Amino acid sequence: MSKILIRGARILGGEPQDVLIDGETVAEVGTGIEAPDGATVVEAAGQILLPGLVDLHTHLREPGREDSETVLTGTKAAAAGGFTAVHAMANTFPVADTAGVVEQVWRLGKESGYCDVQPVGAVTVGLEGKKLAELGAMHDSAAGVKVFSDDGKCVDDAVIMRRALEYVKAFDGVVAQHAQEPRLTEGAQMNEGIVSAELGLGGWPAVAEESIIARDVLLAAHVGSRVHICHLSTAGSVEIVRWAKSKGWNVTAEVTPHHLLLTDELVRTYNPVYKVNPPLRTEADVMALREALADGTIDCVATDHAPHPHEDKDCEWAAAAMGMVGLETALSVVQQTMVDTGLLDWAGVADRMSFRPAVIGRLEGHGRPVSAGEPANLTLVDPAYRGAVDPAGFASRSRNTPYEGRELPGRVTHTFLRGRATVVDGKLA
């Protein structure tokens with residue numbers, strides 16, 4: 001069993017301490033710990049030590065779209081970004097709507113070895129919104145699915161959504177909703193507002209998101225179940241979730257890094273790298289999302305890592321696919337928007353990017369304190385680093401990042417999955 005001594009790291013941004021890893025667990029935390037014989041020593045002065053990050057919303061594309069990403073390349077990207085666990089969305093080909101497909105994704109994750117992969121099961125057969133998928137069978141499978149989502153599409157039928165919420169209560173599952181009223185977004189290309197009017201692009205109104213969220217928090221309260229709102233993006237959505245939580249209802253929500261930083265003004269470039277679902281919103285929305293993440297109304301940050309091959313993005317705006325890669329830049333964007341602005345400290349980052357997503361996904365062994373006896377799922381970050389984003393160096397198979405050339409703070413130097421280094425000195429192990 002290998003031993004690793006992390007020396008002088010600031011756990012959750014606190015005072016410098018040493019952390020001794022023995023095998024798969026944290027053996028000791030303190031100051032002046034002596035390195036055991038044969039131990040690897042990581043000098044971490046000035047660096048922040050966090051629990052391994054957990055992403056509730058990742059698209060790994062396998063099976064079916066291995067030209068965009070595979071479980072192996074996606075988990076390499078996750079490790080490079082400081083993640084030790086990701087939830088793999090169900091919109092694959094075939095759709096992950098049966099025990100067989102979710103088990104396939106789960107086993108591919110086991111084989112990759114770079115981070116744990118927890119499959120998300122589809123809510124409806126084929127993501128078609130007409131018939132419930134095999135929720136119980138997916139939960140009872142080796143993959144042990146607890147999160148279900150038709151992400152990429154909205155479960156817009158209220159009766160189907162109610163049935164799904166009732167069904168998952170049997171095993172403490174959660175339905176994660178992609179909130180998008182389809183009739184209100186037909187032909188939509190970007191956020192509905194001043195910019196869309198000036199550019200002549202079809203508008204995507206905030207109410208298309210907010211109306212579904214309002215319906216679903218009411219449904220979750222009515223049946224006493226858990227609902228999670230994917231990639232919340234508007235100030236109005238924040239207010240609905242805040243109201244639902246004030247009622248004591250079991251509602252959680254996530255925000256993506258790109259919705260914390262980017263606005264619809266970027267669409268004026270007509271660069272399809274900024275085309276995403278839900279769309280980039282206004283500066284006022286961005287500020288509301290940051291405040292909501294800071295005060296806990298929004299529970300967590302989730303990447304919505306959505307890789308696409310070059311040809312799906314290097315085309316005219318209307319024909320381009322929606323989505324951005326995000327695993328390898330997520331922590332840097334959160335540092336810039338939340339830590340460097342004083343809205344969150346590093347303990348808050350650990351809460352929003354590790355502790356809470358692990359609880360929402362009921363993911364054991366992740367989102368745990370950095371203390372003796374806990375699994376050694378850890379991430380070391382150099383917060384003083386500054387550098388321009390170069391997608392050529394990404395571990396992801398795709399390069400559709402909105403941050404190319406943009407200077408972002410912070411760099412993941414080491415990631416440990418159950419005591420085994422997956423990233424060392426900023427490079428994949």
Side-chain angles (χ1 to χ4, degrees), residues 53-60 83 86-91 120 123 127 147-156 174-182 184-185 188 190-192 204-214 216-217 227-242 244 251-264 266 273-282 285-290 292-293 297-308 321-327 329-330 333-334 337-338 352-353 356-357 360-361 400-402:
L53 306 183
V54 175
D55 190 13
L56 270 175
H57 195 142
T58 304
H59 297 274
L60 296 180
F83 291 88
V86 298
H87 289 72
M89 282 295 172
N91 58 342
V120 173
V123 176
L127 308 181
V147 183
F148 298 87
S149 181
D150 275 2
D151 183 66
K153 295 183 179 181
C154 177
V155 181
D156 62 308
V174 62
V175 179
Q177 176 68 293
H178 172 118
Q180 177 191 350
E181 167 51 57
L184 290 174
T185 55
M190 65 170 296
N191 178 57
E192 181 179 286
W204 191 304
V207 71
E209 174 175 304
E210 295 157 8
S211 59
I212 294 293
I213 295 174
D216 287 352
V217 299
V227 67
H228 177 74
I229 308 303
C230 295
H231 43 48
L232 184 149
S233 71
T234 77
S237 295
V238 166
E239 290 308 311
I240 295 166
V241 170
R242 185 174 283 130
V251 176
T252 55
E254 71 191 29
V255 65
T256 71
H258 48 271
H259 285 114
L260 291 172
L261 180 59
L262 309 177
T263 74
D264 61 354
L266 290 164
V273 77
Y274 300 119
K275 188 176 182 181
V276 67
N277 181 350
L280 300 179
R281 303 290 189 178
T282 67
D285 291 311
V286 167
M287 292 301 116
L289 295 173
R290 291 185 189 182
L293 183 63
T297 300
I298 296 176
D299 297 82
C300 62
V301 176
T303 70
D304 193 10
H305 176 79
H308 292 292
M322 294 180 179
M324 306 167 170
V325 291
L327 285 167
T329 51
V333 174
V334 170
T337 58
M338 301 301 296
R352 307 307 195 273
M353 296 189 76
R356 288 209 208 185
I360 293 167
N400 52 305
T401 173

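Predicted model, so just to flag it, every value in this text is computed and none were measured.
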Could you tell me whether the side chain of Thr337 and the main chain of Val333 form a donor-acceptor pair under 3.5 Å? yes

Donor-acceptor pair, distance only, cut-off 3.5 Å: does the side chain of Gln177 make one with the backbone of Val155? yes

To check you understand the geometry: which heavy-atom pair defines the closest contact between Ile360 and Asp299, and what is its length? CD1-CB, 3.9 Å

Residues passing the side chain to side chain donor-acceptor pair (under 3.5 Å) test with Asp150, sequence neighbours excluded, are Thr124

Do Ser211 and Glu181 meet the criterion of a side-chain donor-acceptor pair at a distance under 3.5 Å? no

Please determine whether side-chain contact (heavy atoms from CB on, under 4.5 Å) holds for the pair Cys300 and His228, giving the CA-CA distance in whole Å, both sets of side-chain angles, and the decisive distance to 0.1 Å. CA-CA 11 Å; Cys300 62; His228 177 74; 4.2 Å; yes

Keeping the roles fixed (side chain from His308, backbone from Met322), state whether a donor-acceptor pair exists under 3.5 Å. yes

Could you check whether any side-chain N or O of Asn400 sits under 3.5 Å from a backbone N or O of Ala306, counting only pairs where one atom can act as donor and the other as acceptor? yes

Going by atom types only, do Thr58 and His305 share a side-chain donor-acceptor pair under 3.5 Å? no

Would you say the side chains of Arg281 and Thr234 form a donor-acceptor pair under 3.5 Å? no

Does the side chain of His231 pick up a donor-acceptor pair with the side chain of Asp151 at under 3.5 Å? yes

Closest non-hydrogen contact found for Met324 with Tyr274 is CE-CA, 3.8 Å

Between His178 and Gly152 (side chain of the first, backbone of the second, donor and acceptor by atom type, cut-off under 3.5 Å), is there such a pair? yes

